[in-house]
Structures are given as structure tokens and as C-alpha cells.
Amino acid sequence: QVQLVESGGGLAQAGGSLRLSCAASGRTFGRYAMGWFRQAPGKEREFVAAVSGSGRMTDYADSVKGRFTISRDNAKNTVYLQMNSLKPEDTAVYYCVGGTSYSLPLDNLEVWGQGTLVTVSS
């Protein structure tokens, strides 16, 4: 079974940037769509972004569109989330998740990373 490990979280100021990474192992990485979710304090987990297996198709939540960019480097078995123009409301634990399809939308979200905390100060 694939294992996902997120990294890159930390503290940023409003307007700043962070890049999250999700390293995958155990399965053929490049074949499967991947995504990012987040869970803010006191709120339910929500969708952030997704990328197809090829990296050519992407989807974003309206709240992050134009600020965040999801990408992947299949040679490195890694998915990235570049977060620019950060806002305090972006503060959350960010989770990487793997789908079971090559294309979007994400499906069968059974494989999750452990999460990485992003804190954005005002």
C-alpha cells in the first residue's frame, strides 16, 4: 500500500509563501491522481487542490484559486503545493491524499498522509 509523508509546514506571515511536499512510496506514483485537503481549528476537513496522474489537469477550491498551485514531479515521487499570498484563514493541518483513478476528480480517498501544520500570522 502506498504511504504518503507531508513536509514543509511551518509558520508564515500573511502575504508570505510556503511550499508543501508529499513524498509517496509503495505504488506506481505517476499513475494516480493526488490531492491536498486541510483542516482548520474547529472546522471540518475541506478540499484544497488536486492534480491528475499526468500533472496536466488541476482543480482548486475557490478559496485558494489564484494563490495556490499544485504540481507533481513523478520522477521524484513527489507532489507539491505552492502556497502564495497566504492569509490567516489558511491556517490548518494540510493532508496529502491519493486517489485510485488516473484522472480527476479524486475518488476513493483511502490513503492519507499524517498531515503537516501551516500557521499563518496576521
Side-chain angles (χ1 to χ4, degrees):
Q1 183 178 352
V2 66
Q3 297 183 27
L4 305 175
V5 179
E6 302 98 332
S7 62
L11 178 64
Q13 294 185 344
S17 298
L18 286 172
R19 188 176 74 163
L20 307 183
S21 298
C22 173
S25 64
R27 295 176 65 188
T28 303
F29 180 81
R31 296 278 184 169
Y32 297 96
M34 304 287 291
W36 291 92
F37 282 67
R38 67 187 182 185
Q39 187 166 21
K43 298 182 179 180
E44 295 186 354
R45 191 170 298 185
E46 65 176 353
F47 170 76
V48 176
V51 60
S52 64
S54 69
R56 291 191 288 269
M57 297 291 294
T58 59
D59 192 23
Y60 299 93
D62 288 342
S63 60
V64 307
K65 195 170 297 182
R67 300 188 298 120
F68 291 10
T69 302
I70 188 170
S71 62
R72 64 194 300 159
D73 186 340
N74 288 343
K76 297 181 179 179
N77 295 322
T78 302
V79 176
Y80 304 98
L81 185 68
Q82 179 67 46
M83 304 185 295
N84 297 328
S85 301
L86 284 164
K87 303 175 180 179
E89 50 263 45
D90 295 319
T91 295
V93 176
Y94 284 72
Y95 298 91
C96 181
V97 64
T100 57
S101 175
Y102 301 162
S103 61
L104 299 179
L106 292 169
D107 66 343
N108 297 326
L109 305 180
E110 298 180 351
V111 181
W112 297 82
Q114 85 289 348
T116 185
L117 177 63
V118 171
T119 302
V120 183
S121 63
S122 61

Nearest non-hydrogen partners of [X] and [Y], listed with the distance:
X	Y	result
Ala12	Leu86	CB-CD1, 3.8 Å
Ala24	Leu4	CB-CD2, 3.5 Å
Ala33	Arg72	CA-NH1, 4.0 Å
Thr78	Ala23	OG1-CA, 4.3 Å
Ala14	Pro88	CB-CD, 4.1 Å
Asn84	Ser17	OD1-OG, 2.8 Å

Consider only side-chain heavy atoms of I, L, V, M, F, W and Y, link residues closer than 4.5 Å, and tell whether [X] and [Y] are in one cluster.
X	Y	value
Met34	Val111	yes
Val79	Leu106	no
Val2	Trp112	no
Val118	Val64	yes
Val48	Leu18	yes

*Can you find a pair of side-chain heavy atoms, one from Met83 and one from Val120, that are under 4.5 Å apart?*
no
*asked:* When you compare the side chain of Tyr95 with that of Gln39, does any pair of heavy atoms fall below 4.5 Å?
replied: yes
How long is the span from the [atom1] atom in [X] to the [atom2] atom in [Y], to the nearest 0.5 Å?
X	Y	atom1	atom2	result
Trp36	Leu20	CH2	CG	4.5 Å
Ser63	Phe68	OG	CZ	7.5 Å
Leu109	Phe37	CG	CZ	5.0 Å
Ser7	Tyr94	OG	OH	15.0 Å
Arg38	Asp90	CZ	CG	5.0 Å
Leu104	Thr58	CG	OG1	8.0 Å

*asked:* Counting only heavy atoms not in Gln13 (residues, nucleotides, ligands), do more than 12 fall under 6.0 Å from its CD?
replied: no
*asked:* Salt bridge or not between Asp62 and Lys65? Use side-chain N to carboxylate O under 4.0 Å.
replied: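 So Asp62 pairs with Lys65 through a salt bridge.
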*How about Thr100 and Asp107: does a side-chain donor come under 3.5 Å of a side-chain acceptor?*
yes
*Using the test salt bridge (Lys or Arg N to Asp or Glu O under 4.0 Å), find all partners of Arg45 that sit at least two apart in sequence or belong to another chain.*
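By the salt bridge (Lys or Arg N to Asp or Glu O under 4.0 Å) rule, Arg45 matches no residue at all.
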*Just by modelled atom types, is the Cys96 backbone N or O under 3.5 Å from a matching donor or acceptor in the Glu6 side chain?*
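Between the backbone of Cys96 and the side chain of Glu6 there is a qualifying donor-acceptor contact (under 3.5 Å).
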